[in-house]
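Structure record follows, encoded as structure tokens.
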2 protein chains.
Amino acid sequence: MKLTAKSKGPSRARAPVPDDVHVPGDCRRVSTVLARVGEKWSVLVIMLLRRGPERFNAIKRATNGIAQQMLTRTLKGLERDGLVTRTVFATVPPQVEYALTPLGHSLSGPVQALGLWALDHIPQIERARERFDEE
Amino acid sequence: MKLTAKSKGPSRARAPVPDDVHVPGDCRRVSTVLARVGEKWSVLVIMLLRRGPERFNAIKRATNGIAQQMLTRTLKGLERDGLVTRTVFATVPPQVEYALTPLGHSLSGPVQALGLWALDHIPQIERARERFDEE
DNA sequence: CGGTATCCAGGAAGATACTG
DNA sequence: CAGTATCTTCCTGGATACCG
């Protein structure tokens with residue numbers, strides 16, 4: 001979403017450029033990133049990996065409660081987006097290390113900002129929810 | 001995500017993280033905010049309302065393609081979190097105006113930062129996805 | 001105009017069992 | 001250790017119809 005822009009109507013209609021730029025295509029693509037951030041475990045893993053590479057079970061322990069397959073899926077999603085690398089060492093038993101890519105590190109900045117905002121305002125949000133739910 | 005209070009069932013989405021050791025309670029609460037941001041339409045509506053209050057159908061037109069009920073749900077969720085206000089004018093036909101609260105305005109900052117990051121890095125992410133999907 | 005009420009498809013999250 | 005394979009629940013998003 002062009003974050004300062006106004007929608008103009010059906011994207012198939014035409015493309016007369018208005019006073020500001022709203023590109024529906026960009027909008028859709030940005031939302032795939034927001035969706036990734038909104039996933040339950042993705043951000044937790046990203047923040048964890050900021051401190052350095054970790055092995056599968058170390059991440060699992062650190063996230064405390066994630067189902068094994070959910071962690072597999074989460075890591076695969078992050079790897080697919082180029083946010084995390086997966087390195088297999090041919091040892092016995094096998095050892096797999098996950099690490100943030102530069103892209104992943106770069107994402108962790110804005111995500112951290114959002115997280116800090118949330119920490120700051122969660123009491124206010126939770127009060128609003130309670131008030132709303134009372135009716 | 002269902003942002004209604006405490007789910008206890010073991011098989012619910014967004015099951016509670018155990019209260020003990022490694023995951024601080026704040027983590028869980030932050031993730032409810034991230035989940036809201038990850039919803040398909042929430043951020044779009046927030047960004048739209050930054051420029052000023054809008055009526056229901058104006059938002060609907062601007063978001064271009066949202067189903068009416070999805071907009072109702074989205075707005076209700078934002079209202080519940082105290083991010084948006086809903087004002088009904090007793091006119092004929094009825095007129096309902098939605099506006100960002102100060103809390104909503106405040107959230108739009110970090111969200112915009114994340115959106116700009118996404119715009120900047122989407123090509124890189126999409127290339128990574130294509131590469132990954134080739135195998 | 002601005003909603004509810006239904007119903008539906010798809011997928012996210014999870015529990016559990018098995019494997020190289 | 002680090003995964004797959006299966007099966008289940010139920011949430012998200014959406015389509016459609018009706019209402020005050």
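- Residue A:Tyr98 is classed as a sugar-phosphate contact, given heavy-atom separations below 4.0 Å to backbone atoms only.
- For A:Ile66 and D:dA2, the CD1 to P distance is 14 Å, given to the nearest whole Å.
- The side chain of A:Pro94 approaches C:dG20 more closely than any other nucleotide in the set C:dG3, D:dG3, C:dG20.
- When all heavy atoms of B:Arg29 and A:Ile122 are compared, the pair lying nearest together is O-CD1, 3.0 Å.
- Candidate nucleotides C:dG3, D:dA2, C:dC1 were compared by shortest atom distance to the side chain of B:Pro93, and C:dC1 ranks first.
- Where B:Arg86 and B:Gln69 meet DNA chain C, the nucleotide closest to each residue was compared, and B:Arg86 sits on the side nearer the 5' end.
- Separating the CZ atom of A:Arg36 from the P atom of C:dG11 is a distance of 14 Å, rounded to the nearest angstrom.
- Between B:Leu71 atom CG and C:dC1 atom C1' there is a gap of 13 Å when expressed in whole angstrom units.
- Set against C:dT4, C:dG2, D:dG3, the side chain of B:Thr72 has C:dT4 as its closest nucleotide.
- One can place CE of A:Met70 at 8 Å from C1' of C:dG14, the figure rounded to the nearest angstrom.
- C:dG14 atom P lies 12 Å from atom NZ of A:Lys60, rounded to whole Å.
- Here CD of A:Glu54 is found 6.5 Å from CD1 of A:Ile59. Values are rounded to the nearest 0.5 Å.
- Here C:dG3 presents its C1' atom at 17 Å from CD of B:Glu97, a figure rounded to the nearest Å.
- Under 4.0 angstrom from either OP1 or OP2 of C:dG11 there lies no side-chain N or O belonging to A:Arg73.
- Between A:Lys76 and B:Trp41, the residue anchored nearer the 5' end of DNA chain D, judged by the nucleotide with its closest heavy atom, is A:Lys76.
- The distance from atom CD1 of B:Ile59 to atom C1' of C:dG2 is 11 Å, rounded to the nearest whole Å.
- Among the nucleotides D:dA2, C:dG2, D:dG13, the one closest to any side-chain atom of B:Lys40 is D:dG13.
- Contact check on B:Arg36 versus B:Glu39 returns a salt bridge, with a Lys/Arg side-chain nitrogen under 4.0 Å from an Asp/Glu carboxylate oxygen.
- B:Arg55 comes within contact range of the sugar-phosphate backbone alone, with a heavy-atom separation under 4.0 Å but no base atom that close.
- Considering all non-hydrogen atoms of both residues, A:Pro123 and A:Asp120 come closest at CD-O, 3.9 Å.
- Listed here is the closest heavy atom pair of B:Val37 and A:Leu34: O-CB, 4.1 Å.
- Note: CZ (B:Arg28) to C1' (C:dA13) measures 17 Å, nearest angstrom.
- Nearer to the 5' terminus of DNA chain C, by closest-nucleotide assignment, is the contact made by B:Gln95 (compared with the other of A:Ala67 and B:Gln95).
- Of the listed nucleotides (C:dG3, D:dT6, D:dA2), C:dG3 has the atom at the smallest distance from the side chain of B:Gln68.
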